[in-house]
Amino acid sequence: MSSRAAAKTKPTDQQADRPARLLAWYDRHRRRLPWRAEAGERADPYRVWLSEIMLQQTTVRAVGPYFEKFLSRWPDVTALGRASLDDVLRMWAGLGYYSRARNLHACAVVVLNNHDGVFPDTEDGLRALPGIGPYTAAAIAAIAFDRRTMPVDGNIERVVTRLYAIEAALPQAKPLIKEMAATLLGPSRAGDKNSRAGDSAQALMDLGATICTPKKPACALCPLNDDCAGHARGDQETFPRKAPKKSGTLRRGAAFVVTRGAELLVRSRPDKGLLGGMTEVPGSQWLAGQADAAALAEAPELKGVTRWHRKSGVVTHVFTHFPLELVVYTANVPPRTRAPDGMRWVPVATLDGEAFPNVMRKAIAHGLDL
DNA sequence: GAGCCGTGGAA
DNA sequence: TTTCCAAGGCT
């Protein structure tokens, strides 16, 4: 009898077997990652938390060096809780989604001050912390504390919607996906714990990252291929279904790269919103439908600046919800020229250590011909 | 619920 | 070149 026929006659057995097949696959093919414990060992909650925050909407490759830098400088949550937000933002610069860095620091402070430096070991307790939403709470609870819960990230959404050929589109399908994902947890043993829930979750993530990929999934290598509804239909790549998204309107603005010898004029952005708390060079507003030259009216007022030099070309950058074009104006002012209110001079030699988002690094490089 | 919030790599 | 998207959370 073929496995296909078996699946038809005994679908219940086939599905009941999935958690075990998934874990067997994981034991053979799991990825070795810096924040992961060795097989059978309990993971360090601090490392799990730090990695989960960094991995939100960010690739494993991009996170690697940042994770090592943070762990080396702040080995535990107590050390991180005692660090300054500015130091954390500087260390985070370049990784994107900067509210994560602010919430990371805020979370460490709460754990240090309100939880004696020990992470809560329940999903609800974790969920209450800054920067920890439904996914991250479930992931930490399962991976670090072996709570029997299945986090649902982009990988698991993809695997599950293919496995069950779920037609409903995201984000409406999330509750259904969560429900179906939980069927891939192994049976509970000893109540809430010792179910290998963390391994089940990481198995699904690894499967999504290495086999059940967004494009051209390697179904032949998948431990669940013989009862995957998407694979049986042949349209597995079309899952998950999602509503089309709209691209933003182009915005334009100006950046002012002002040097005083070997120093650069900078300021800090407001704490919240786009690039919140990060460092920038002075600039105009970024507006849709604005002509390049109009932004010059918003140049900082500096004694000694008789005229601005407009660099040829534009700096382009694409944010999640809009593309941006910046024109760059430069000026060099005499020694001891005062920085305008709210601005400061920093040595060009130490720019790498500043909390510049990438768009600012581009603008500065353009202005300084780096 | 839908919009906001970065960056870099792959196709 | 353009598009997609990668271990989401906040408002």
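Predicted model only: the values in this text are computed from it and were never measured. Residue numbers start from 1 in every chain, and the chains themselves are labelled A, B, ... in the order their sequence lines are given, proteins ahead of strands.
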Which is more 5' along DNA chain C, the nucleotide nearest G208(A) or the one nearest L129(A)? Just name the residue.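 It is G208(A), whose closest nucleotide lies nearer the 5' terminus.
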
Positions of residues 269-281 of chain A (non-hydrogen atom under 4.0 Å from DNA chain C), listed by number: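 Output list: empty, so none.
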
Examine the side chains of Y164(A) and T183(A) and answer whether a donor and an acceptor come within less than 3.5 Å of each other.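 A pair is found: one side chain offers a donor N or O, the other an acceptor, under 3.5 Å apart.
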
Using a distance-only test with no angle check, is there a side-chain donor-acceptor pair under 3.5 angstrom linking Q202(A) and R36(A)?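 The criterion, which ignores hydrogens and geometry beyond distance, is satisfied for R36(A) and Q202(A).
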
Centroid separation under 6.0 Å, is that true for the rings of W92(A) and Y66(A)?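 Between W92(A) and Y66(A), which both carry aromatic rings, the centre distance is not below 6.0 Å.
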
Given [options], the nucleotide with the shortest approach to the side chain of [X]:
X: H321(A); options: dC4(B), dC10(C), dT7(B); answer: dC4(B)
X: T58(A); options: dG9(C), dG6(B), dT7(B); answer: dG6(B)
X: H317(A); options: dA6(C), dA2(B), dG6(B); answer: dG6(B)
X: Y97(A); options: dG8(C), dG8(B), dA2(B); answer: dG8(C)
X: V359(A); options: dC10(C), dT7(B), dG9(C); answer: dT7(B)

Report yes or no: is the cationic atom of R251(A) (NZ for Lys, CZ for Arg) closer than 6.0 Å to the six-membered ring centre of F322(A), at no more than 45° off its axis?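 Relative to the ring axis of F322(A), which defines the angle, R251(A) lies inside both limits.
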
Do T320(A) and dG6(B) share a donor-acceptor pair, side chain to base, under 3.5 Å?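 Under the 3.5 Å cut-off, the side chain and the base do form a donor-acceptor pair.
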
Considering only NZ, NE, NH1 and NH2 on the basic side and carboxylate oxygens on the acidic side, decide whether R196(A) and D27(A) come within less than 4.0 Å.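 Yes, R196(A) and D27(A) are salt-bridged.
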
Could D87(A) and R73(A) be called an ion pair, given the rule that one side-chain N must be under 4.0 Å from one carboxylate O?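 Looking at R73(A) together with D87(A), the answer is yes, because their closest N to O distance falls below 4.0 Å.
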
Please check the phosphate of [N] (OP1 and OP2 only) for any side-chain N or O of [X] closer than 4.0 Å.
X: N358(A); N: dG8(B); value: yes
X: R61(A); N: dA10(B); value: yes
X: R158(A); N: dA6(C); value: yes
X: Q57(A); N: dA6(C); value: no

Applying side-chain contact (heavy atoms from CB on, under 4.5 Å), name anything that partners E280(A), two or more places apart in sequence or on another chain.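 In terms of side-chain contact (heavy atoms from CB on, under 4.5 Å), with neighbours along the sequence ignored, E280(A) is linked to R267(A), R269(A), M360(A).
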
Could you tell me how far apart R100(A) (CZ) and dG6(B) (P) are, to the nearest whole angstrom?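 Spelled out: CZ on R100(A) to P on dG6(B) is 9 Å.
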
